[in-house]
J.: 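My questions will all concern the structure given below.
Here the structure is a predicted model, which means the values were calculated and not measured.
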Number of protein chains: 2
Amino acid sequence: MNVRTLCLAILHHQDATGYEIRKLSTEGKYAYFVDASFGSIYPALAKLEDEGLVTCRLEHQDGKPARKVYSINEVGRDELRLNLKESPTPDVFRSEFLLIGMCADLLDVGDMERALDTHIAQVEAEQIKINEMKADLPEGENNWLHNYGMTCMNTQLDWLRANRERILQYSASVARDADKDGAGSQPGAITMPAAAE
Amino acid sequence: MNVRTLCLAILHHQDATGYEIRKLSTEGKYAYFVDASFGSIYPALAKLEDEGLVTCRLEHQDGKPARKVYSINEVGRDELRLNLKESPTPDVFRSEFLLIGMCADLLDVGDMERALDTHIAQVEAEQIKINEMKADLPEGENNWLHNYGMTCMNTQLDWLRANRERILQYSASVARDADKDGAGSQPGAITMPAAAE
DNA sequence: GTTAGCATGTAAACAGTTACATGATTGT
DNA sequence: ACAATCATGTAACTGTTTACATGCTAAC
């Protein structure tokens, strides 16, 4: 998927300016599809207008600079429908935190603790964000999406909170410089305490 | 994060060729960090060797083409450690399926059903993949990562299976051409059946 | 006999980001 | 005074993908 389709999808739900599309796609409820910045959104909108899939009206405001408000038309909706009909590509999940976890033996417990707490804070922030989106959604409309997201977020956070100490214990046991009471850093020799599920 | 760091992280755990690194980072246990193809991996390895962070030995095999097996050295591990010490950026989650869900009103129920079942099959495949990774991991080593992943995957799949019918009912109620028994397609007028959590 | 897998590498193309340029308003 | 928000847009850059080139083996 690309910025083009993202713009069509947003405009399908509401008229918007390039500025608003960027906000929606980085912070708002369209943040789970593609990253897009001004440098890709403005050219994409210009091209869509060129091709006749969207229309544009200029709104002058006093004080603030003028807005170019885009609207989708039926040609655009057809194009969007066509894109949507294709089988979805698999979800993408990427986590720098997991890579840190995989290389825990290179870091001391302090580093690991900081990374873990940063990560927990990030997931918490995400959960709050999703929760706030609910207010934004019309009654009964598409709230299965909201419900799906909340369920996954809650599980993730619950697990992280329940296993924080165990992760740190494990980190201490494999850390390269960790050599207290001779247990040392032979990888594989240490058994991780059973994780709570 | 980039291909460079990914290569260092993989080489921290095992010697590998460019070919193997690609497999590990697209299908294997390093698939949650960065997408990388030959076009980015080979140049990255060459540069790392150039900079003296990794070494390379040529392994001739009969029949198959020769392999260039890379190993990380202490300079490389220091560089990796430096990268890992930085606070992790937030997890990235992208889903084309969710975008389809958001635009359900543009599709008929058949399209939605196909998309949903494709998605469920993809999550199932992912779950199986993660499960198979466990056998690959040394006893007790880093299995909290495995446990974390399985917990999230299970929740996701359970939710999808429990709510499949409700999603399709909702889809039918908002589909643009859906006009049986006059209930029609006024968005917002339909209340979604309560979702099972 | 054709496809898939192993194995390396390059060049062209592309998508997208970053930084810049401009300028008014509002809040600290 | 300074930063942030609103608002548009471009140019340079970067990172990555796609397609190509090569060639041998094993499986279907």
J.: Please pick, from C/dA7, D/dA7, C/dT17, the nucleotide with the shortest atom-to-atom distance to any side-chain atom of B/Tyr42.
T.: C/dA7
J.: Report yes if at least one side-chain N or O of A/Thr17 is closer than 4.0 Å to OP1 or OP2 of D/dT8; otherwise report no.
T.: yes
J.: Does B/Ala36 reach a base, just sugar-phosphate, or nothing at all? Heavy atoms under 4.0 Å.
T.: sugar-phosphate
J.: Is B/Gln61 close enough to C/dC6 that one of its side-chain N or O atoms is under 4.0 Å from OP1 or OP2 there?
T.: no
J.: Can you see if the side chain of B/Tyr19 gets near the phosphate of C/dC6 - specifically, an N or O under 4.0 Å from OP1 or OP2?
T.: yes
J.: Choosing from D/dG9, C/dG9, D/dT16, which nucleotide comes nearest the side chain of B/Val3?
T.: D/dT16
J.: Round to a whole Å and report the spacing from CG of B/Leu45 to P of C/dT10.
T.: 12 Å
J.: Return yes if a side-chain donor-acceptor contact under 3.5 Å exists between A/Asp15 and A/Ser71, otherwise no.
T.: yes
J.: Is a donor from one side chain sitting under 3.5 angstrom from an acceptor on the other, for A/Asp91 and B/Gln122?
T.: no
J.: Which comes earlier along DNA chain D counting from the 5' end, the contact point of A/Pro65 or that of A/Pro43, where each point is its nearest nucleotide?
T.: A/Pro65
J.: Tell me which nucleotide among D/dG9, C/dT8, C/dT17 gets nearest to the side chain of A/Lys68.
T.: D/dG9
J.: Grab the CD1-P distance between A/Ile21 and D/dC6 for me, whole Å please.
T.: 15 Å
J.: Take the angle between the ring planes of A/Tyr148 and B/His119 and call it parallel below 30°, perpendicular above 60°, tilted in between.
T.: perpendicular
J.: Check the distance between C/dA15's P and A/Ile41's CD1 and give it to me in whole angstrom.
T.: 15 Å
J.: When the distance from CZ of A/Arg67 to P of D/dG9 is rounded to whole Å, what number comes out?
T.: 13 Å
J.: Return the nearest nucleotide to the side chain of B/Lys23; candidates are D/dG9, D/dT17, C/dC6.
T.: C/dC6
J.: Go through the steps to decide whether A/Lys129 and A/Glu124 satisfy the test salt bridge (Lys or Arg N to Asp or Glu O under 4.0 Å), and finish with yes or no.
T.: CA-CA 9 Å; A/Lys129 203 186 85 182; A/Glu124 277 167 352; over 6 Å; no
J.: Compute whether any side-chain donor of one residue and acceptor of the other, for B/Thr155 and B/Asp158, lie under 3.5 angstrom apart.
T.: no
J.: Rounding to an integer number of Å, can you tell me how far B/Glu59 CD sits from C/dC6 P?
T.: 16 Å
J.: On DNA chain C, nearest-nucleotide positions of B/Glu20 versus A/Met1: which is more 5'?
T.: B/Glu20
J.: Angle, rounded to 10°, between the helical axes spanning five pairs at each terminus of the helix from C/dG1-D/dC28 to C/dT28-D/dA1?
T.: 40°
J.: Rounding to a whole Å, what distance do you find between B/Phe38:CZ and C/dT8:P?
T.: 8 Å
J.: Counting any heavy atom closer than 4.0 Å, what does A/Gly39 reach on the DNA or RNA strands: base, sugar-phosphate only, or nothing?
T.: base
J.: When we call it a touch if two heavy atoms are under 4.0 Å apart, what does B/Ala66 touch: a base, just sugar-phosphate, or nothing?
T.: sugar-phosphate
J.: Taking atom P of C/dC14 as reference, at what distance in whole Å does atom CZ of A/Arg4 sit?
T.: 15 Å
J.: Taking only the side-chain nitrogens and oxygens of B/Ser37, find out if one of them lies under 4.0 Å from OP1 or OP2 of D/dT16.
T.: no
J.: Above 12 or not: heavy atoms from other molecules or residues under 6.0 Å from NZ of A/Lys47?
T.: no
J.: Evaluate the ring planes of B/His13 and B/Tyr30, with Trp represented by its six-membered ring, and classify them as parallel (under 30°), tilted (30 to 60°) or perpendicular (over 60°).
T.: tilted
J.: Check the orientation of B/Tyr19 and B/Phe38. Use parallel for under 30°, tilted for 30 to 60°, and perpendicular for over 60°.
T.: parallel
J.: Atom CZ of A/Arg22 and atom P of C/dT18: how far apart are they, to the nearest Å?
T.: 10 Å
